[in-house]
2 protein chains.
Amino acid sequence: MESAAGNHSVDDISKAIIEQLQEDGRRSYAAIGKAVGLSEAAVRQRVQKLTDSGVMQIVAVTDPLQLGFARQAMLGIKVHEDVLAVASRITAIDQVDYCVVTAGSFDLLAEVVCENDQDLLLLVNRFRSIPGVSSTETFMYLSLRKQAYNWGTR
Amino acid sequence: MESAAGNHSVDDISKAIIEQLQEDGRRSYAAIGKAVGLSEAAVRQRVQKLTDSGVMQIVAVTDPLQLGFARQAMLGIKVHEDVLAVASRITAIDQVDYCVVTAGSFDLLAEVVCENDQDLLLLVNRFRSIPGVSSTETFMYLSLRKQAYNWGTR
DNA sequence: AGTGAAACGACCGTAGA
DNA sequence: TCTACGGTCGTTTCACT
């Protein structure tokens, strides 16, 4: 987490390559090469660099619902202690899949994934017992409307 | 968005396959087969099914900061109209990469990506002018601490 | 940083248990 | 749903620009 900012060695060709891989992470380098006007080897080198430097990673993303995780929620958290210390206690929890320090009426936002309401209840209680946490507010997910991975390449 | 829920045809072997692809979305079917004890063709068929049914997708995920998008924020939104109608206006905005209907003191949460503070300001104003939106609250991202894609396979 | 060529390995369709 | 196998295509390495 927390990558080096402002690495500006990502040119338009690399962006085009990223765009291809956002559509299909397994598209062949040869096919990408045809699309962006580069040889297969050149594409492979660029992809290597992009992944090594952390600009991009190619991963499987899953649908919680279809894997039996029927409850998701965002927790808004207020803190009365070092935010990063609290954050590290939160990120250590398996069921937390996303956590960010924010400026605003919450100090932290954490997205959690669980199987049912009971698990969610237990989890929220667990959050409230974390040292440094003043309060939590729960936003239960009713319907995911958008999850895009393809910005930044337009 | 909004997949069919509770599809329980994802057995342990498929979960093991998913786990492999969460580590590296381009790992070869042969290598995965070795790891999970299946032939290359069987792995291929299962991956095909998993992606066709939307349980899983293999995509490139990028780091906003390294692509020159220095400002991210979560917007908490209250609505005085059909939530889904408002949601569809919001998801139509390019800079929105994530949007979910919630139960709680916000009706919607939307994550936005932009290049700088000025763009963010414009974007927030744009949100406030969307028909049906009563209010918005902005949580500016200061530091991303966790972004996991590998739950549900443990 | 890029190309091109040859050896290798992965992928895909089909057939069969 | 799995394995087995052969043809095709993608990937890797290397020498070169």
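Quick caveat, the model's predicted, so the values are computed rather than measured. Numbered from 1 within each chain, the chains take letters A, B, ... in sequence-line order.
Between B:Y149 and A:V59 the shortest heavy-atom distance is CD1-CG2, 4.2 Å. When every heavy atom of B:Y141 is checked against every heavy atom of B:M74, the shortest pair comes out as OH-CE, 3.3 Å. The shortest heavy-atom contact between B:V83 and B:D107 is CG1-O, 4.1 Å. Between A:A60 and B:I18, the shortest heavy-atom contact is CB-O, 4.4 Å. Across every non-hydrogen atom of B:P131 and B:E81, the tightest pair is C-OE1, 4.2 Å. Closest approach of A:F139 to B:S105, counting heavy atoms only: CE2-OG, 3.4 Å.
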Dot-bracket for DNA chain C, 5' to 3', Watson-Crick and G-U pairs with both distances under 3.5 Å, [ ] for crossing pairs, | for partner on another strand, reads |.|||||||||||||||

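Per the geometry, CD1 belonging to B:I13 stands 12 Å off P belonging to D:dT1, to the nearest Å. Spacing between atom CD of B:Q48 and atom C1' of D:dC2 amounts to 16 Å, rounded to whole angstrom units. Here the P atom of nucleotide D:dT11 and the CD1 atom of A:I58 are 11 Å apart, to the nearest Å. Between the C1' atom of D:dT1 and the CG atom of B:D52 lies a distance of 16 Å, rounded to the nearest Å.
Among B:V113, B:I90, B:L75, the one residue that satisfies the side chain to side chain contact (heavy atoms under 4.5 Å, CB included) test with B:V96 is B:I90.
In this structure, A:R27 reaches neither bases nor backbone, as no heavy-atom distance under 4.0 Å exists between it and the strands shown.
The span of DNA chain C lying next to chain B, judged by atoms under 4.0 Å from heavy atoms, is bounded 5' to 3' by C:dA10 to C:dG13.
Residues from residues 35-45 of chain B lying near DNA chain C, meaning a heavy-atom separation below 4.0 Å, are B:E40, B:R44 in numerical order.
Two residues are said to be in side-chain contact when any heavy atoms from C-beta on lie closer than 4.5 Å; B:D11 and B:R46 meet this criterion.
Proximity of a side-chain donor or acceptor of B:R128 to a complementary backbone N or O of B:V133 within less than 3.5 Å is not detected.
Residues B:L144 and B:Y98 are members of one and the same hydrophobic cluster, defined by side-chain heavy-atom contacts under 4.5 angstrom among Ile, Leu, Val, Met, Phe, Trp and Tyr.
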Between A:E40 and A:R44, does a salt bridge (Lys or Arg N to Asp or Glu O under 4.0 Å) hold up when you go through it step by step?
CA-CA 6 Å; A:E40 180 275 330; A:R44 188 154 35 84; 3.0 Å; yes

